[in-house]
Amino acid sequence: MASGTHENVKKYYSSLETGEDLQTSAACPVPSHLPLRESAHEALQQVHPDVCKRFFGCGVVIPEKLKGCSVLDLGSGSGRDCYILSKLVGEDGHVTGIDMTEELVQASRKYIQYHAEKFGYARPNTVFVEGYMEKLSEAGIQNNSMDVIVSNCVICLCPDKRAVLSEAYKVLKEGGELYFSDMYASKVVPDSFKADPVLWGEGMAGALYWQDLISIVKELGFSTPRLVAASHIQVYSPELQKKAGDIKYASGTYRIFKLPQHSIQTKALMTYKGTVPDCAECFEFDTSYCFKTNVAVEVDAEIAAVLKYTRFSSDFVVQMTDEPDPGLNSAEQDCHLSPFWLADKLRSCVKQCSKTAKAGVCGSETAREN
């Protein structure tokens, strides 16, 4: 199903040696301001350096509590995130990476046995397949087969975002999660951008207006996106600045879930048990909810459903209330879901990764403010 856009993107990324060859900070080898948890950091230290060298992601897409899970990485690239996930799911879990670029798939496969031995596994738990995110079934990925899907700054490279998100919904099990970082625009990107292969390769032509993401995922049946982290993207290339005009860009990490329909209609009190790995004292679910151990927190109906019907169900004591959730039947304001709002709040930005400017994080705020 390769389109002209797909072919241009494949050529663009095949020509890149490292993440520093990109002309914007949309893809940085340096993790975002959201810090890696201890187990993920340890796993990253064990990933082969050649795999890390060709990492082109724009955030941290390693959610909590993955042991034993089946995980799919959309746009797996060099395989860096897949190998981190391989360690975290354990020998009984499984990780699948899919990418449309044959060169990257072949390169990532070279290190499967290396990482299996590094992690002490009797047999590898990771596979890489060549294919398109818009057609997961054609790549052999079955419906209702995945506990978690991750994606790191690649949906912006696809011409049909709705198809990608629809396919993700199909292959997730009920209660499954899509945890992804991507590049977003402050307004709808004009069609004229889409004729420029460099703008496509950098993610600038294909970046969704962030509010369109909210609309699309709700229409497909997902839960409301929960914003986890965000940073402003700075474009230092004068040529790209001129092309972008008044459009601003930000990276945003969201988590969305495939929940049972009409599962919970009232608010609830949720008490965290302190049992999620690496989160003994508190579980920072998103920018709105930080659950401290043994402290009851009132949540809306949708968050109650997320915590009751997903892999986090055993980590919470649920006490339903009789209070209806007015948010279920009203047009909720989405400003708190804007990556630009959060990046402003944190005063953080990720500087350009290019041949002339090394990556870095500016701003002194922590990952979230409670």
Side-chain angles (χ1 to χ4, degrees), residues 1-14 26-27 56-59 61 72-77 96-102 104-105 129-146 149-172 176-225 247 249-258 339:
M1 65 159 290
S3 65
T5 298
H6 288 112
E7 293 301 326
N8 286 334
V9 171
K10 283 194 278 188
K11 290 178 183 177
Y12 194 76
Y13 277 83
S14 294
F56 301 121
C58 66
V61 291
L72 172 65
D73 184 4
L74 300 177
S76 52
T96 301
I98 182 171
D99 202 282
M100 67 178 180
T101 306
E102 180 182 7
L104 290 175
V105 172
V129 297
E130 184 180 349
Y132 295 93
M133 296 185 291
E134 299 94 329
K135 296 286 185 180
L136 294 178
S137 61
E138 293 183 2
I141 299 170
Q142 302 299 312
N143 289 349
N144 304 304
S145 63
M146 296 294 168
I149 298 176
V150 301
S151 182
N152 204 332
C153 204
V154 291
I155 296 178
C156 61
L157 303 176
C158 297
D160 191 346
K161 277 73 170 171
R162 182 180 292 272
V164 173
L165 294 166
S166 177
E167 286 291 286
Y169 188 88
K170 291 176 185 177
V171 304
L172 276 176
E177 176 180 15
L178 171 57
Y179 189 100
F180 63 110
S181 183
D182 208 34
M183 182 175 181
Y184 298 96
S186 59
K187 59 195 295 187
V188 176
V189 174
D191 289 339
S192 60
F193 281 30
K194 298 173 184 179
D196 189 312
V198 175
L199 289 179
W200 260 114
E202 296 289 336
M204 298 170 68
L208 267 179
Y209 173 42
W210 69 271
Q211 285 193 325
D212 287 344
L213 170 74
I214 312 299
S215 301
I216 291 172
V217 298
K218 287 183 177 180
E219 290 168 7
L220 292 174
F222 279 110
S223 65
T224 303
I247 298 177
Y249 293 93
S251 67
T253 302
Y254 291 92
R255 61 193 323 164
I256 57 178
F257 296 84
K258 182 178 179 177

Contacts of Tyr249 that satisfy ring pair (Phe, Tyr, Trp, His ring centres under 6.0 Å) - sequence neighbours left out:
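Ring pair (Phe, Tyr, Trp, His ring centres under 6.0 Å) list for Tyr249, sorted by chain: empty.
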Does any N or O in the side chain of [X] come within less than 3.5 Å of the main-chain N or O of [Y], such that one atom is a donor and the other an acceptor?
{"X": "Trp200", "Y": "Leu157", "result": "no"}
{"X": "Ser181", "Y": "Val61", "result": "no"}
{"X": "Ser145", "Y": "Gln142", "result": "yes"}

Rounded distance [0.5 Å steps], [atom1] in [X] versus [atom2] in [Y]:
{"X": "Ile247", "Y": "Met204", "atom1": "CD1", "atom2": "CE", "value": "8.0 Å"}
{"X": "Phe180", "Y": "Ile256", "atom1": "CZ", "atom2": "CD1", "value": "4.5 Å"}
{"X": "Asp182", "Y": "Ser251", "atom1": "CG", "atom2": "OG", "value": "9.5 Å"}
{"X": "Thr96", "Y": "Ile149", "atom1": "OG1", "atom2": "CD1", "value": "10.5 Å"}
{"X": "Leu74", "Y": "Ile141", "atom1": "CG", "atom2": "CD1", "value": "7.5 Å"}
{"X": "Glu167", "Y": "Met133", "atom1": "CD", "atom2": "CE", "value": "11.0 Å"}

Cut-off 3.5 Å, side chains only: do Tyr179 and Glu177 have a donor facing an acceptor?
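Glu177 and Tyr179 do not have a side-chain donor-acceptor pair below 3.5 Å.
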Quick check: closest heavy atoms across [X] and [Y], and the distance to 0.1 Å?
{"X": "Gly252", "Y": "Pro339", "answer": "CA-CB, 4.1 Å"}
{"X": "Met183", "Y": "Ala207", "answer": "O-CB, 3.5 Å"}
{"X": "Ile214", "Y": "Pro225", "answer": "CD1-CG, 3.8 Å"}

Would you say that [X] contacts [Y] through its side chain, given a criterion of any heavy-atom pair below 4.5 Å between the two side chains?
{"X": "Leu213", "Y": "Leu165", "result": "yes"}
{"X": "Tyr254", "Y": "Val217", "result": "no"}
{"X": "Lys194", "Y": "Pro159", "result": "no"}
{"X": "Met100", "Y": "Val154", "result": "no"}

